[in-house]
Structures are given as C-alpha cells and as structure tokens.
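Quick note on labels: first sequence line is chain A, next is B, and so on, each numbered from 1.
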Amino acid sequence: MQTSGIVTLTTDFGLADSYVGIMKGVILGIARQATMIDITHQISPQNIHQAAYIVQTFEDYFPQGTVHVVVVDPGVGGNRRRIVLATPVALYVAPDNGVLTYVWRDATARWGMERCAVYELTEPRYWLPHVSSTFHGRDVFAPVAAHLALGVPPARMGERREQIVEAPLEQPSRGRNGELVGRIIHLDNFGNCITNITPEHLHAAGFGDRVVVQLIGQRIDGLCRIYADVALGALVALIGSSDRLEIAVRNGSAAQTLGAGIGDTVRVFPAPHDRS
Amino acid sequence: MQTSGIVTLTTDFGLADSYVGIMKGVILGIARQATMIDITHQISPQNIHQAAYIVQTFEDYFPQGTVHVVVVDPGVGGNRRRIVLATPVALYVAPDNGVLTYVWRDATARWGMERCAVYELTEPRYWLPHVSSTFHGRDVFAPVAAHLALGVPPARMGERREQIVEAPLEQPSRGRNGELVGRIIHLDNFGNCITNITPEHLHAAGFGDRVVVQLIGQRIDGLCRIYADVALGALVALIGSSDRLEIAVRNGSAAQTLGAGIGDTVRVFPAPHDRS
Amino acid sequence: MQTSGIVTLTTDFGLADSYVGIMKGVILGIARQATMIDITHQISPQNIHQAAYIVQTFEDYFPQGTVHVVVVDPGVGGNRRRIVLATPVALYVAPDNGVLTYVWRDATARWGMERCAVYELTEPRYWLPHVSSTFHGRDVFAPVAAHLALGVPPARMGERREQIVEAPLEQPSRGRNGELVGRIIHLDNFGNCITNITPEHLHAAGFGDRVVVQLIGQRIDGLCRIYADVALGALVALIGSSDRLEIAVRNGSAAQTLGAGIGDTVRVFPAPHDRS
C-alpha cells in the first residue's frame, strides 16, 4: 500500500492548549509535505469508547494509504503498548488500549486477521530523541506517523503482535420480549443520539423498517428516511449518516428534549401486526 | 475565472464529531492538492441568518477563484435545491435556503445579475456514488467543491436557474422619531454586538459621526474609531472590522455587560444640535 | 536563517467567527504555498499572561525558520507598537504588549541580546492597502507574516528597536519558611494545573524530588514521573510535558477536584528529613 501523505488526528486534547499544534510541528519537522487533517480533539477526556466509535466513522472517506493517529491515552507513561495497525487500506497509530476496537473488528471481518498486521512501537529511531513520560502524542505517535506518511513500512516500527487489546464495548443484546436492547454511544453537535445498533443488527433480528423505538419513556413508530419526514420539533428515528440507529428531533436537539445521555438504553421492538 | 485551488468550509457541524474531517477526506480523494480553510463550524445549529452574515464577511480576503462551501442545511434530504453560485470572483456551494442571501445581494449589486450565475446541482457524476438522506455535506457539497477546485466549470454541475432563494433577512428601518432601527445579528468571541446597520445606512439617513446609539436602556454618544478611545470597561460604538455598527466594551464583553443577545433592537439617533 | 514556509497562529479570536479564516485568506493571497498551523484561538480574551505562557511551549517543536503570529491585542488601534522578533531559530510577529515576554527571556538567555533582533512594523508596503482601526491581525500581522514566510528579511519590515516590552510576569519567590511560592498560570483541557515553577527553580532552591507541594489546603508528597504512579482519582504532582511543575488528578480534573483557578498560589517545601 502506497502512502497518501495524509495524516489525520483524533485526540482528547481540546483546542485551548498548544498540544495539537506541537504534534503538527513535530510531523512537519519530519514530513514537511504531509497533509494534516483534524478529525476532532474533543473526545471526552480519556473516553476510550467514544474514541473507538469516532475512529470507525471516517476511514472509508479518506484516500487509501492514509495514516490515522489516535491519542486518547489515560495510561500514558505506564505499561500499555503503543502500536501501529496496518489494514489493506489504512494505517492506525495509537496506544493499545481499546481505541481501535471497532476498526479492528471491521477490518478483520472484512479482510481476515492475516491481512491486518499489528506492530508494537519498539524502535526508538522513529521517535523524538527525548521521550517524556506524559506526552507520547508528541514524542512517539507524531514522529511515527510522520515516518509512515513518508512511506517507511510499518513493519520497521517494531515487533509484530498477534492482535490488539479490544475494549469490552457492549454490543446490542436481545431483551426478554424479543426486542433489541442497545445504548446511546455518542451525542453529536445537533443533539442527535447515536446508538450502537446497526442495520445489520436489525436485519439479524428479523425486523423490517416498521419497528417501534423506545427510550426514556418515549415511543417512536417506524424509521424515517430523513429528518424532514416529521413535523418541526418531533422525534424521529432513522439510520444516520454513520450507518447506525439514531434518534433526533427535527430542527431541534433530541438530547435536550429527552434529557438523554451517553449510556442510556434504547429498545427496538418489531412493529405490532396491523390488521390490513 | 481560474480556480485558486482553495476551498473554505462554513458549517454548523461543531468540532466534536467527525463530520468536518469526513468532508475534508472526500475533498482530498478528488482534489489531492486542494488547500482547505475552516471559516467556522460553530454557526448556531441551523441558524440561516447567522450563516448568511458570516458568509458575507470573508469573500474579499480570499484569492479570486476560491470555492466557498456553506453547509447549514435544516432541510437536508427534503426538496430544497442544492446550488452553486458563480460570481466574477468566487464560487459558492450551498443548499438554496437563504444562506447566500447577503453575498447574492452584494454580488448582483456590484456586477449585475447577468454576471452572477446560479446552477442547480443536478449532475450526479460529480457526487459520491451513494448519496445518503442526511449528510449531503459529505455526499454532494464536498465532492462538487472538489471538482470546482480542480477547475471543472460550474455550468457542468447542473441546470441554470434565474436566482437563489433569498431569506427574509431584516433590513434597518426608520423609527417614528427619525432614528434608524436595527438589530444585533451576531455576537463575536469578545462579546462585541454586531448589528445589521452599515455606514451606508447611516449615510443614507443623513447622519454623521455624532450619533447617539441606544440599546437595552443604555445610551452611547458618538462613534469612536478604536476600542481604546474610551476608558477600560466603558461602552463604545464604532464601525467594526466587517463594516457594520458594533457595540463593544473596552477590554470586556458588551453582550455580558448589557445582557444583550442576537435579535435585540438597536436605535441610532442623529446627535442633538449643540450650542457651540 | 531560511524560511520554513510555515506560519503558526495563536490568538484570542475563538472559532465561532470568521476572523481566523480571514487571516488565513490574507496569508494565502500573498504566500499561496504557506503551511498554516493553528496553535490555539482560545486564549482567554485579552489575557496577555496566558498567551505568553502558551507561546513559550511550542517553539522547539517547529522547523527552524517558522513564523509564529500572536494576536492577543487589547490595545489594537492604540499606540502600542507592532513588532517582529527574530531569534536565530524563529520569527515572532505580534503586538509589543508583553505576549512575547517568555520567548524573549528564553532567547536572550540562550543566544544573547545581540542575536535577538526586534523590528517595529513601520513599513506599510507589507500590509494590506487599507488598515482598519480594529483588526490588525488581518490588516498588518497576517500580511507581514506571509511576506516573512516568503523569505523577505525581517529587517525590511521596519526600524530596529533595542528590546521588547516585557510584561511583569510574576516569577516564583521564597516564602518565610524557605518554601518556593508560585502560581497556577494555565489550566489545560484535562484540568491539569500548570504552574510558573520550573525544574530550574527547584534546583536553584536546593530541593530534590522529595518535595511537598501545597495548594488550596491540600498536600502532595513527592514528585511522580507519570500520572499512573498514583491511584485513580488521586492528586499527583509532576514535571509536565512543558517542563513546569503541574498538579493533576489521575484520570480526572485537578482544577475541578480542587476548585483551583489561574492565579492560585502553590507552595513547594523541601521534604522533611526522614529518619532512615
């Protein structure tokens, strides 16, 4: 796989400090022609589950050979590994703490484990000369990403490992009445509530579009195609742009209207048989 | 008009999601050499008036042939048109819902309607192969912008239309005592209150610099040239950097001091005759 | 010193306005190939001390010959000078109001005053043709930075000055019990409390690692190397990634836990003699 020369950045560093700018300076010092794209720096501090979700949403939209850096790293300086994951289409540089769980599952399901190589970052020649104990984004992840963007093969970065550490990210389960039981895993800028339920889960459960969605005492009948299918201010359930069940309010905030938060339970029932 | 290869982005997507990063990935997949500049992604969700104001502020400061993408799109997936507006100096890609109202008025006033061409985006060959119903920023606007940045003529994007949809953005009016009556249309990061009153309005009303500005029970005498013309913490009225009447507090926040918000009324009276 | 073609931006403009985007448009109009890197635009409005701290943190991580623009400018339009500071490794463009205090002290200590040249921006040929009274970031600082990024020597920008205006940024002092008395100067995105105490201060005071840190009625024994050295939720003191004494909570927010804010006093005592 040839490098695209693009490096994306996903962190929990926020935008009020110089941390992100410093990582970019380090990358430019090694790969002056790299194109750097911010995904987000507003992952909730040290929230590995949210990071794992966000990292899954964008891979398909970047040119092949892009390097994706993910720094959500509550164990910085401790003994968690630092890795690069090389799939047939992209490279991920991250602490091995679960932030790559979803992309690992997707990639191994799509291409098989043998085509998804994991290397532990053990080769200091690709790091900054001095590695601090609190900012590996600057001292290890950024320089490694820059070398990968230049085309250095990931196998040079360190020793091969069998697999990554998967975080125990909850999958939807079946409730006692046959319903799918999932959770809200992300609230977006519009207050849309994004769940861990995908169309595949609905299909595997034998549900069609005529489902009933329940959360926080509210009931929504059926899946819509677009927000504008319902009245202004009304609740709507649909499969959102990242291919997950999403609960929204048209021209409003479902999170605010419902008082919903990350972790809240969402139940999906098959529609009752109608009499027509 | 030759393309500058620059694409600016103005949205209400916020920075906590991957939406903006995904749009940039799509653009780079088509136009690898494009230079992408964020204007802001913090338009109040679905606030078309605020978007229209912001979009008017920056055109003059970018090289000719820049592509400006504006995605504030409460009707996504519905039957609002998607358009490109081509003026003699810039290209705008946006939903046809009023976000281009101010730039359309400016451009047609400056160059005449015949030199401001509107095309509806009807040619799917310039979109992503699959168009979702909820994220046209990714599926339509980003790829169209990328093709324009590569130099594809806007006329190829679809059918010519006569004009855009103008939002009913309020203009200042005359009050019963001869005063100009305007409104606050934007609060900036410093708490400066930016109004819909321009120097042209003041001139047309026959007012000079010696006006009296009233808002929220406060009275400000005269227009200053700079913030530092008044004491620390004092209110000041001036023509701000985007060429509109602005109310500020020196080294403070006028919005906070006054409890002012978007939509609040601002009155400008000619100065009373002095006896000198 | 050859230009790197990189321009960094540090301002208090926030991200909800078009101010930052406009500065970038101006830079691209002059230096189309410049690489622009945002450090932060969330300096507290007009907080010169915080800006001075942030500006000190990133210089070492950018390629030599980078142009750093700093616009925190409460006196815009008044009679404060506008300057470029040229050190042997970088160029700084800023209002002469103290925002460069720390980098000036560092640079003159490292290379001597004669190798740190200050020029007042007095040459209008490097500005926009029209200079407003409220937005010199756009009209003066951005175009000057662009010309410097193109390789125009800083001496062309205006008249040589002897030195910059140093802000009276407080240094740690000695308390009546021999302790070092410093202050919190920045809270980062994780709630880490960063102080004005450096390892050099601790060394000069004759303290080792076995110190006791006191703030807001809390006492922390010893400096750790990494956050993970203490239990989840516990307070920890360490030398952070920007080489200053920092108080943190492992996987939490020290600022929130302690109710700490910028300006709060931090005391460091030598450890009491142990009996071993």
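Separating the OH atom in A:Tyr61 from the CG atom in B:Leu28 is a distance of 15.5 Å, to the nearest 0.5 Å. Considering CD1 of A:Ile37 and NZ of B:Lys24, their distance stands at 5.5 Å, rounded to 0.5 Å. Put simply, CZ on A:Phe58 and CD1 on B:Ile22 are 8.0 Å apart, with the number rounded to the nearest 0.5 Å.
Using a 4.5 Å cut-off between heavy atoms, B:Met36 contacts chain A through its side chain alone, with no backbone atom that close. Contact annotation for B:Asn79: neither backbone nor side-chain heavy atoms come within less than 4.5 Å of a heavy atom of chain A. When heavy atoms are compared at a cutoff of 4.5 Å, B:Ile30 does not approach chain A at all. With a threshold of 4.5 angstrom between heavy atoms, A:Leu232 does not approach chain B through any atom at all. Both the backbone and the side chain of B:Val26 come within contact range of chain A, each with at least one heavy atom under 4.5 Å from a heavy atom of that chain. Using a 4.5 Å cut-off between heavy atoms, A:Asp38 touches chain B through its backbone atoms (N, CA, C, O) alone. At a 4.5 Å heavy-atom cutoff, A:Thr8 makes no contact with chain B through either its backbone or its side chain.
In plain terms, the two heavy atoms of B:Ser133 and A:Ile226 that are nearest each other are CB-CG2, 3.1 Å. Contact between A:Leu15 and B:Leu15 at its shortest, heavy atoms only, is CD1-CD1, 3.7 Å. Shortest non-hydrogen contact noted between A:Pro63 and B:Gly25 is CD-O, 4.0 Å.
With B:Thr134 as the fixed residue, the side-chain contact (heavy atoms from CB on, under 4.5 Å) test singles out one of A:Leu238, A:Asn192, A:Ile239: A:Leu238.
By the 30° and 60° cut-offs, the orientation of the rings of A:Phe190 relative to B:Phe13 is perpendicular.
Of the listed residues (A:Ile39, A:Asp229, A:Thr66), the greatest number of heavy-atom pairs within a distance under 4.5 Å of chain B belongs to A:Ile39. Note on A:Ser4, A:Ser253, A:Gly252, A:Ser241: by heavy-atom pairs under 4.5 Å with chain B, the leading option is A:Ser241. Ranked by heavy-atom pairs shorter than 4.5 Å toward chain A, the options B:Ser18, B:Ser132, B:Pro45, B:Gly29 are led by B:Ser18. No other option in B:Ala16, B:Ala142, B:Gly14, B:Gly75 has as many heavy-atom pairs under 4.5 Å with chain A as B:Ala16.
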Checklist entry - Should B:Arg32 and A:Thr35 be marked as a side-chain contact (heavy atoms from CB on, under 4.5 Å) after you check the CA-CA gap, both sets of side-chain angles, and the distance that decides it? => result CA-CA 9 Å; B:Arg32 180 65 186 81; A:Thr35 300; 3.1 Å; yes
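Using modelled atom types, one finds no donor on one side chain facing an acceptor on the other under 3.5 Å when comparing B:Tyr19 with A:Asn189.
For CD of A:Gln256, the number of neighbouring non-hydrogen atoms (other residues, nucleotides, ligands) closer than 6.0 Å is 12 at most.
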